[in-house]
Amino acid sequence: MLVIKVGGSAGNNYDALCDDLAARGSAAGPVVLVHGGSDETNKLGEALGHPPRFVTSPSGYTSRYTDRRTLELFMMAAGGVVNKSLVERLQARGINAVGVSGLDGRILAGKRKATIRIVEDGRQKMLRDDWTGTIEHVNSGLLRTLLDAGYLPVVAPLACSERGEALNVDGDRAAAAIAAALGADTLLLLSNVPGLLRAFPDESSLITRIPRNDVESYLSFAEGRMKKKVLGAQEALAQGVGQVVLGDARVAECVTRALAGHGTVIG
């Protein structure tokens, strides 16, 4: 069982990813593909007069502030454009992909964080009307039903709250939760960098291996969005996933290369 998360930032090569998945074929085993949607959401927000706002938590994690309008834009961008463009690419290569969001069938169920604490101008503040959430349950039965029927699920990082509300959830942590729920052997977190860098953005400073019991000591090297990836890796390993690889989604054969150890291998 392989769970792949491909980032939604500019620079990721979706065509190369889908080429590699098609070349590997069904004999390589079942795959679930989770994706982001940040770049498409930013472009849509700018075009519609609602530009993005990013905030930093007291613990140093950066995330998108999701008011209700931003949530709607995220649903359009991630759940629509990005999800269906990946399904289209896979279908064109003979892979019978099914695009869903975590909201559908409560594939991802969680708790809404209506109020979040942020640090701005050196001061802590509270933001209200937030539509992000934390994942508490994965409907692995629905995913297994799709996998057993020969489909490749493509999952957008939306979740369903206990009240049935749509939530924007972190894609890396969503992929980690799915990998844990399915008992995945490997979780690949592919993005527009080659892995965790000791001296960002110097790509020659790639950290190639992190022991599974020593992830915490490497968090200081994680800049920006990479912090969430390392956190997602830590969560996946703690819940029984065999290994996590932070790999490069810009290159040809990105899945094959990551599985061969190109990137940052954690485990």
Side-chain angles (χ1 to χ4, degrees), residues 1-41 43-44 74-105 107-108 140 142-158 171-172 174-176 178-179 181-195 229 241 243-263:
M1 176 68 67
L2 174 64
V3 175
I4 302 168
K5 158 59 172 36
V6 62
S9 301
N12 295 307
N13 192 334
Y14 290 166
D15 284 312
L17 167 67
C18 295
D19 283 343
D20 198 20
L21 288 173
R24 291 175 58 79
S26 58
V31 175
V32 175
L33 176 62
V34 182
H35 63 83
S38 56
D39 187 54
E40 198 65 40
T41 304
K43 290 191 290 187
L44 187 59
F74 187 73
M75 291 168 74
M76 287 186 268
V81 175
V82 179
N83 187 271
K84 300 314 171 193
S85 68
L86 281 166
V87 170
E88 180 186 32
R89 285 176 168 90
L90 291 166
Q91 290 287 356
R93 291 161 173 80
I95 298 175
N96 204 2
V98 173
V100 294
S101 78
L103 178 64
D104 300 305
I107 288 175
L108 299 173
S140 57
L142 179 50
L143 289 172
R144 289 190 184 280
T145 296
L146 292 170
L147 290 166
D148 290 346
Y151 298 104
L152 190 157
V154 181
V155 185
L158 290 154
D172 296 305
I178 289 171
L182 293 175
D185 303 293
T186 301
L187 169 63
L188 302 184
L189 300 177
L190 305 176
S191 65
N192 57 357
V193 290
K229 296 185 187 302
V241 174
Q243 67 170 353
V244 181
V245 184
L246 310 177
D248 197 335
R250 302 168 300 177
V251 300
E253 299 184 334
C254 53
V255 175
T256 300
R257 286 173 55 83
L259 289 173
H262 294 274

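When a residue number appears, it is its place in the shown sequence, counting from 1.
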> Rounded to the nearest 0.5 Å, what separation is found between the OG atom of Ser9 and the CD atom of Glu40?
Replying inline: 12.0 Å
>> Within the 4.5 Å heavy-atom criterion, are His35 and Val154 side-chain neighbours or not?
In response: yes
> Where do Leu17 and Cys254 come nearest, in terms of heavy atoms and distance?
Replying inline: CA-SG, 3.7 Å
>> Can you confirm whether Leu259 sits close enough to Leu2 that some side-chain heavy atom of one is under 4.5 Å from a side-chain heavy atom of the other?
In response: yes
> Which is it for Val255 and Val31 under the side chain to side chain contact (heavy atoms under 4.5 Å, CB included) test, yes or no, and what are the steps along the way?
Replying inline: CA-CA 11 Å; Val255 175; Val31 175; over 6 Å; no
> Okay, side chain of Asp104, backbone of Ser101: is any donor-acceptor separation there less than 3.5 Å?
Replying inline: yes
>> Side chains of Lys5 and Leu190, heavy atoms from C-beta outward: is any pair under 4.5 Å?
In response: no
>> Testing the basics here: between Gly36 and Pro157, what is the closest heavy-atom pair and its distance to 0.1 Å?
In response: CA-CG, 4.4 Å
> Any donor and acceptor pair, going by atom type alone, linking the side chain of Asn96 with main-chain N or O of Tyr151 inside 3.5 Å?
Replying inline: no
> Quick one: are Val251 and His262 in side-chain contact, heavy atoms under 4.5 Å?
Replying inline: no
> Between the main-chain N or O of Asp15 and the side-chain N or O of Asn13, is there a donor-acceptor pair closer than 3.5 Å?
Replying inline: yes
> If you take all heavy atoms of Gly171 and Val34, which pair is closest and at what distance?
Replying inline: O-CG1, 4.0 Å
>> Using 0.5 Å steps for rounding, measure from the OG atom of Ser191 to the CG atom of Asp248.
In response: 7.0 Å
>> Donor-acceptor pair, distance only, cut-off 3.5 Å: does the side chain of Arg24 make one with the backbone of Gly29?
In response: no
>> I'd like to know if the side chain of Asn192 reaches the main chain of Ala249, judged simply by a donor and an acceptor atom lying under 3.5 Å from each other, with no hydrogens or angles considered.
In response: no
> Atom CG in Leu143, atom CG in Leu108: separation rounded to 0.5 Å?
Replying inline: 8.0 Å
>> Restricting to non-hydrogen atoms, name the atom on Pro153 and the atom on Leu146 that form the minimum distance, rounded to 0.1 Å.
In response: CG-CB, 4.1 Å
> Can you tell me if Gln243 uses its side chain to pair, donor with acceptor, with the backbone of Asp185 under 3.5 Å?
Replying inline: no
> Rounded to the nearest 0.5 Å, how far does CG of Leu182 lie from CE of Met1?
Replying inline: 5.0 Å
> Considering only heavy atoms from C-beta outward, does the side chain of Val81 approach that of Leu44 to under 4.5 Å?
Replying inline: no
> If you look at every heavy atom in Val3 and Ala175, which pair is closest and at what distance?
Replying inline: CG1-O, 3.8 Å
>> Restricting to non-hydrogen atoms, name the atom on Leu142 and the atom on Gly105 that form the minimum distance, rounded to 0.1 Å.
In response: CD2-CA, 4.0 Å
> Hey, what do you get for CG (Leu103) to CG (Leu158), rounding to the nearest 0.5 Å?
Replying inline: 6.5 Å
>> What I want to find out is whether Arg93 reaches Asp20 closely enough, with some N-O distance under 4.0 Å, to be called a salt bridge.
In response: no
> Rounded to the nearest 0.5 Å, how far does CG of Leu21 lie from CG of Leu90?
Replying inline: 6.0 Å
